[in-house]
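Report on the following structure.
Within every chain, numbering begins at 1; the chains are lettered A, B, ... in the order of the sequence lines, protein sequences first and strands thereafter. Predicted, not measured: the structure shown is a model, and the values here were computed from it.
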Amino acid sequence: MSDLAVESTDERVKNVSLISRLMKRPELGALAGLALVTIFFAFTADPKMFSLAGFLNFMTPASQLGILAIGAALLMIGGEFDLSVGSMVAFTGLIFGAAMVTFELPLYAAIIVTFMVAAAMGAVNGQIVIRTGLPSFIVTLAFLFILRGLSLVGLKAATGGSTQLRGVREKVEGSWIADFFSGEAFTPLFYWLAENGLVDTFKSGKPKVDGIPVEIIWFTLLAGVATWILLRSRFGSWIFASGGDSSAASNSGVPVRRVKMYLFMFTACCAALVAILTVMDAGSTDARRGFQKEFEAIIAAVIGGSLLTGGYGSAIGAFFGSIIFGMVLIGLSYTNIDQDWYLVFLGSMLLLAVLFNNMIRKRVTGER
Amino acid sequence: MSDLAVESTDERVKNVSLISRLMKRPELGALAGLALVTIFFAFTADPKMFSLAGFLNFMTPASQLGILAIGAALLMIGGEFDLSVGSMVAFTGLIFGAAMVTFELPLYAAIIVTFMVAAAMGAVNGQIVIRTGLPSFIVTLAFLFILRGLSLVGLKAATGGSTQLRGVREKVEGSWIADFFSGEAFTPLFYWLAENGLVDTFKSGKPKVDGIPVEIIWFTLLAGVATWILLRSRFGSWIFASGGDSSAASNSGVPVRRVKMYLFMFTACCAALVAILTVMDAGSTDARRGFQKEFEAIIAAVIGGSLLTGGYGSAIGAFFGSIIFGMVLIGLSYTNIDQDWYLVFLGSMLLLAVLFNNMIRKRVTGER
Amino acid sequence: MSTPIVEMKNIEKHFGSVIALAGVSFSVMPGEVHCLLGDNGAGKSTFIKTMSGVHKPSTGEIFVDGKKQAFDSPRDAMNAGIATVHQDLAMIPLMSITRNFWLGHEPTKNFGPLKYYDLKKANAVTMEEMAKMGIRLREPDQAVGTLSGGERQTVAIARAVYFGAKVLILDEPTSALGVRQTSNVLATMDKVRKKGVGVVFISHNVRHAMAVGDRFTVLNRGKTLGTAKKGEITAEELQDLMAGGQELASLEASLGGTV
Amino acid sequence: MSTPIVEMKNIEKHFGSVIALAGVSFSVMPGEVHCLLGDNGAGKSTFIKTMSGVHKPSTGEIFVDGKKQAFDSPRDAMNAGIATVHQDLAMIPLMSITRNFWLGHEPTKNFGPLKYYDLKKANAVTMEEMAKMGIRLREPDQAVGTLSGGERQTVAIARAVYFGAKVLILDEPTSALGVRQTSNVLATMDKVRKKGVGVVFISHNVRHAMAVGDRFTVLNRGKTLGTAKKGEITAEELQDLMAGGQELASLEASLGGTV
Amino acid sequence: TDIIVVSHGQANDPFWSVVKNGVDKAAKDSGVNVSYRAPETFDMVAMSQLIDAAIVQEPDGIVVSIPDGDALGPSITKAVEAGIPVISMNSGSNVAAKLGALLHVGQGEFDAGKAAGAKLAKMGGDTGICVNHEVGNVALDQRCEGFAAGFGGNVTVVPTGNDPAEVEAKIKAALESNEDIDTIMALGASLVGEPAVAAVEAVGLSGSVNIATFDLSPGFLKAVSEGKAAFAVDQQQFLQGYLPVIFLALNAEYGLIPGGNVPSGPNLITAEKASQVVELSAKGIR
Ligand SMILES: Nc1ncnc2c1ncn2[C@@H]1O[C@H](COP(=O)(O)OP(=O)(O)OP(=O)(O)O)[C@@H](O)[C@H]1O
Ligand SMILES: Nc1ncnc2c1ncn2[C@@H]1O[C@H](COP(=O)(O)OP(=O)(O)OP(=O)(O)O)[C@@H](O)[C@H]1O
Ligand SMILES: O[C@@H]1[C@@H](O)[C@H](O)OC[C@H]1O
Ligand SMILES: [Mg+2]
Ligand SMILES: [Mg+2]
């Protein structure tokens with residue numbers, strides 16, 4: 001999938017430019033869509049959208065979505081869905097919040113517990129799908145409802161009647177582990193830059209941007225790791241094979257069930273990561289967190305070129321897909337377009353982005 | 001698919017009971033789930049749930065959902081999705097409402113216009129999917145947003161600023177066509193039965209049930225017609241083939257593009273029918289009508305045994321699936337279960353229903 | 001008899017950077033079996049796919065009964081009387097044998113909105129046609145995906161023979177067949193030819209080709225090596241051409257001759 | 001040499017109402033080519049699928065090196081040294097040739113979390129093994145779904161030969177192959193046998209079976225008709241058995257003999 | 001005695017969970033059997049079906065919210081015709097009497113918006129945004145309209161989804177691309193109010209932008225008490241759940257019923273009151 005060397009002496013092969021060979025990769029197609037959307041906003045939006053502050057502003061929701069989208073993409077490539085991801089964000093948010101506030105666990109323990117619960121729930125999803133052979137759509141859908149419901153019941157139990165659990169920020173203060181999961185990274189650097197007039201500052205002298213939100217870093221790292229796994233590890237090959245044709249893969253000796261199990265667990269852990277990041281940022285959690293995120297994660301993965309039918313896609317594609325989605329979602333606020341047209345705009349931009357990407361890909365690779 | 005005769009002299013065939021041959025059909029599997037849910041409510045719910053009034057009460061939402069689910073099932077069997085169905089209900093509701101109230105068209109004309117707009121929008125969805133080869137997921141998703149947004153903009157334009165359009169009931173009054181799309185059928189019969197003490201009445205002497213809601217009749221008819229098309233017409237064979245393997249179907253001479261186009265149009269028209277039925281019943285429409293119905297329709301179709309990957313499923317399955325879903329949705333009202341547990345309950349019942357149905361089917365057919 | 005039913009001129013077909021066909025010409029006369037032979041990957045399947053409307057040629061022309069024509073879909077080719085058994089068989093695994101057999105040609109009864117699929121007739125004909133090819137089905141309702149390889153191939157052949165009006169294209173039709181079924185298929189080709197149908201027969205088996213072929217065209221690496229009439233060429237020469245002129249691995253005596 | 005590598009006793013396999021195998025026994029010795037023959041639908045593929053862990057037998061026992069064993073998955077059978085080329089090839093169409101070739105056996109470099117898929121080596125070996133079988137690939141990155149029928153079959157065979165430790169099962173391996181590739185595969189079987197590997201060879205071609213087979217077992221309608229050693233049976237007798245004792249369609253003289 | 005409550009808000013909506021807590025308390029206090037039902041999303045058709053299901057059970061009273069009198073009218077009338085006493089709450093003050101409800105407990109959405117707008121205008125605002133996280137929900141539209149009317153100045157509606165990160169980013173975007181904005185009207189405290197406070201802080205405008213919200217959340221109240229936000233409009237929805245149930249229970253037992261509507265709000269919570277309210281809010285009572 002990566003070796004571009006050709007036996008150049010074969011008369012049965014035309015010479016084709018490097019660019020058209022690259023465009024065959026699913027993720028690079030999504031770049032065309034991203035370019036289109038960027039150009040659109042460059043013309044219509046307030047220039048502040050592309051200032052450093054503006055960039056980080058739309059990258060933050062894009063990153064939170066993107067972490068889920070990478071999980072969704074891997075699972076989709078492996079031939080399954082997880083519709084319970086959004087509810088999982090709420091549920092693991094509850095677990096994390098309750099561990100910190102109600103049970104007063106130290107931060108590191110709360111984080112471990114949260115990931116363990118997520119992995120266990122992912123394993124349950126996976127086991128049911130694998131053992132019964134039911135479509136993952138319907139199984140994880142049931143958990144979409146169940147986990148959402150349990151979050152409500154749990155929150156009310158933990159707070160004595162409210163649907164919002166507060167006070168996480170107070171518990172976290174001072175822990176060095178917290179810096180990995182909340183706030184901004186590289187803050188001293190930005191202060192230094194500000195002092196030297198290299199980045200914009202407020203009147204107070206405080207830099208407008210005082211660091212890179214940690215979710216952006218997590219998101220980028222995760223995209224890198226997932227890409228490495230998909231393209232460079234044997235497990236990656238097994239993911240593609242399991243999704244491409246699970247009985248052929250199993251007949252070739254791929255442990256398809258194990259692969260799918262791990263993917264369900266990974267997806268759930270992505271949801272837990274988003275839960276931890278958002279709960280620490282907001283200092284609270286509530287019963288509606290992550291609402292419909294499963295849906296948006298799948299959208300981002302599909303914009304990024306993953307196939308719903310499995311066996312094809314990429315993590316980098318999901319990375320770009322999430323950025324496209326985040327940009328379109330937030331971008332409208334920087335334009336003068338009447339806000340009532342918001343949904344029409346969102347839908348049209350998505351459609352244009354994928355159509356454009358598709359058109360460019362076909363043009364470049366000469367496929368029809 | 002229907003001829004059960006066997007060359008009984010072949011020694012390579014075991015004798016198998018009729019029941020296990022029947023259980024192979026996707027729709028009959030869903031019956032097991034329905035039985036389980038019914039038994040559950042028979043034990044936990046107020047017995048009034050299974051009175052005639054209670055039955056019609058949960059059949060009404062089941063029917064409205066079911067009309068969409070039948071469309072969704074046919075489209076899924078044909079290998080595509082339509083995520084814009086819910087928004088289509090809002091959008092065609094707006095068209096219908098505006099035609100009646102703003103443009104003061106006669107009822108028959110408003111109905112024709114509504115179906116024509118729906119068919120046209122379905123055709124647009126279909127054309128984009130077919131021409132570009134993009135997954136229908138992403139294309140119809142764009143229309144989910146676009147149509148929802150247009151409903152909002154359109155409602156504001158039609159009402160001069162509100163998101164709610166009222167006054168349809170007043171315009172409709174007295175039209176005989178209205179009786180096909182709203183209220184109850186066979187009303188005189190039920191009054192006669194009430195006078196003769198054959199059905200329950202309220203204290204006021206009014207029969208508890210004064211007719212069969214028209215949506216139930218539409219739903220049943222549609223399920224019958226769709227089943228006939230799938231199993232008894234050549235178009236039905238083409239639907240299965242297009243969804244089963246579209247390139248093999250096309251290589252065998254099936255006009256796959258045409259089949260898919262018609263299915264998209266049919267699905268949109270199902271949405272329009274629901275829009276007309278509900279707008280006439282409610283007398284009003286608003287921008288959130290049909291919210292998430294696309295999702296519920298797909299759920300019902302999947303409970304009813306249709307495969308998301310296409311090529312397999314049935315309309316009767318979607319029929320039973322919708323009833324299961326409608327029963328679970330409304331059934332909780334008849335029990336003492338706390339509303340906080342509603343989603344947990346909904347998810348568990350869905351999961352149990354499909355697991356049970358799956359288990360029974362495997363047990364009966366001896367498959368593993 | 002002098003205008004071919006189908007004539008293909010200078011067909012090229014490129015897939016991205018891959019050149020699968022580099023200019024191939026070919027024709028089928030009524031009542032002849034024209035064998036298309038060649039090494040693996042020579043381009044035989046790609047070629048007959050352009051002939052049956054699956055692929056559009058990158059360049060080149062197609063004539064049907066002397067008139068230039070472009071096929072936009074396999075259905076167009078079918079309407080022009082061309083029936084094809086593709087190498088991958090083009091079957092829907094989840095559908096029954098009968099429904100696959102009749103796909104795209106379903107027999108109906110009544111008319112107007114009452115027109116329905118005549119499954120009774122369809123089942124009966126399917127069982128009968130399969131039996132003619134030497135396969136006794138258990139039931140016509142079995143899903144094609146659960147048939148054995150040869151059973152499935154027989155369905156595809158029986159279907160094409162039943163519906164092949166003017167030209168019948170068979171892409172390695174006997175590859176998965178048993179001896180009895182193979183001899184039935186070869187006999188069927190002979191019968192069909194006598195009715196004036198033109199047959200295109202792709203095979204790697206020289207003996208099969210020699211047994212029924214009237215003309216032989218050999219492809220190599222996307223190009224034609226030439227066309228020979230029956231009698232103008234021996235089995236050994238043909239076999240040499242098919243192997244692209246390269247030597248065969250040496251093996252026990254019994255295989256020394258034609259494989 | 002007296003304990004078989006794999007021995008199957010009284011295997012039955014039912015699918016719902018269908019009885020595909022009604023009690024079949026079979027064994028493979030080290031260093032022999034055991035041909036499994038029979039009519040279409042006789043149950044050959046079903047039988048070897050129980051042998052390679054794809055299906056669980058409804059009743060019957062499997063012994064590996066004399067020890068009773070149950071395969072829960074194809075991976076179990078592979079770990080016991082059994083490599084199989086299935087009739088449907090078991091390939092992932094969207095994946096590259098190299099990745100398909102190595103699927104389940106990926107070569108890795110480094111260790112621990114740094115262990116990565118050694119694609120360079122994988123590509124080189126794939127190109128080389130394919131060339132040995134007579135297929136010159138354009139590039140190891142091509143998706144298997146876009147290969148020609150014979151090219152794809154060659155990938156499956158080359159893979160099984162490369163990884164086949166003790167037993168190699170080939171289900172109609174030459175059905176889509178050209179003459180040159182076929183002779184390569186037959187020669188390869190011969191070479192592999194000499195290394196002491198047991199080979200199960202399914203074919204409808206009597207000449208191929210006679211050329212390489214040491215023993216011949218014929219299935220008919222889910223039952224064994226018997227097993228013969230090389231030399232105990234003639235090609236004509238074998239062909240009769242394979243056709244299930246039924247007559248062949250009469251055809252031109254050149255096909256009169258073995259098809 | 002059986003009483004059924006049918007509302008348009010979900011049990012996991014922070015606002016409606018308080019209503020439900022009121023209902024539960026009333027059930028306990030008066031010893032009646034109450035069930036609370038709501039559709040899964042804002043859905044008038046589904047809600048009318050839930051009312052129909054309630055009627056089938058012939059309870060001693062039904063409590064409903066009426067965001068759309070046309071759509072729910074027939075079901076409510078049917079209940080009244082069947083002889084079941086009905087009280088409306090939250091939305092529907094203008095149609096309640098016409099449909100035969102005995103009385104209404106709630107706040108007028110438009111009026112509440114107007115009051116908040118007037119107060120914000122008085123605090124010096126002249127350019128505001130109204131952040132709507134549930135576009136198409138008529139009650140929320142009315143609030144924005146009321147806000148615009150009371151505020152008098154320049155008002156734009158910003159539609160968002162209900163993800164806090166998205167809401168925060170959108171408000172930042174709005175603030176950055178229009179520096180005149182000095183007022184933010186949020187329509188829900190935890191979903192919009194809290195992210196709005198965070199957004200204002202992040203763009204360095206703390207102190208120069210007034211933030212107000214409908215409804216309460218502990219987080220937002222804390223911001224109010226710390227001076228980061230102006231006020232919250234409380235409609236004391238606990239009462240909207242509690243009172244109708246008590247009234248119907250008494251009605252069933254003694255035939256008693258108050259003579260008119262009960263306005264449960266609006267009640268503006270500013271910095272002075274906020275710290276007292278916080279604890280109750282954290283328990284789901286305010
Ligand atoms: N869609 C495609 N994309 C890229 N290459 C292709 C595609 N289809 C075919 N090819 C290549 O074109 C060549 C010709 O393939 P084709 O299937 O026509 O061969 P064939 O003569 O039928 O071979 P066989 O005898 O093995 O069936 C092969 O090398 C194949 O890899
Ligand atoms: N999953 C299944 N369900 C029902 N019947 C099946 C299934 N799999 C195989 N069969 C039937 O079992 C019989 C044996 O099939 P099998 O594939 O083993 O035959 P085969 O000997 O390999 O034939 P061929 O030479 O045509 O490949 C066939 O009649 C087939 O229809
Ligand atoms: O009263 C409001 C209600 O009608 C709506 O559902 O949103 C929450 C409440 O503020
Ligand atoms: Mg071929
Ligand atoms: Mg076989």
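Proximity to chain E (any heavy atom under 4.5 Å) is shown, for A:Tyr334, by both the backbone and the side chain. E:Ala202 touches chain A through its backbone: at least one of N, CA, C or O sits under 4.5 Å from a heavy atom, while the side chain does not. When heavy atoms are compared at a cutoff of 4.5 Å, E:Thr156 does not approach chain A at all. Residue contact with chain A, scored on non-hydrogen atoms closer than 4.5 Å, involves the backbone and the side chain of E:Asn12 alike. Proximity to chain A (any heavy atom under 4.5 Å) is shown, for E:Pro14, by both the backbone and the side chain. Only the backbone of E:Ala282 comes within less than 4.5 Å of a heavy atom of chain A; no side-chain atom from C-beta onward does. In this structure, chain E has a heavy atom under 4.5 Å from the side chain of A:Ser284, while its backbone stays farther away.
Summarising the geometry of E:Ser177 relative to A:Ser333, their closest heavy-atom pair is OG-O, 3.3 Å, with the distance given to 0.1 Å. Nearest approach of E:Pro218 to A:Gln164, heavy atoms of both residues: CD-OE1, 3.0 Å. For the pair E:Glu166 and A:Ile330, the tightest heavy-atom approach, listed with the atom from each and the gap, is O-CD1, 3.8 Å. A:Asp286 and E:Ser190 get closest at one heavy-atom pair: OD2-OG, 4.4 Å.
Note on E:Gln10, E:Lys20, E:Glu168, E:Lys172: by heavy-atom pairs under 4.5 Å with chain A, the leading option is E:Lys172. Here A:Leu152 is the residue among A:Leu155, A:Thr60, A:Leu152 with the most heavy-atom pairs under 4.5 Å with chain E.
E:Glu176 is not listed as a side-chain neighbour of A:Asp46, based on a closest heavy-atom distance of 4.5 Å or more.
Salt-bridge annotation for A:Arg148 and E:Glu40: absent, with no side-chain N of the basic residue lying under 4.0 Å from a carboxylate O of the acidic one.
Atom OH of A:Tyr342 and atom NZ of E:Lys170 lie 3.5 Å apart (nearest 0.5 Å). Expressed to the nearest 0.5 Å, how far CD of E:Glu194 lies from CZ of A:Arg166 amounts to 8.0 Å.
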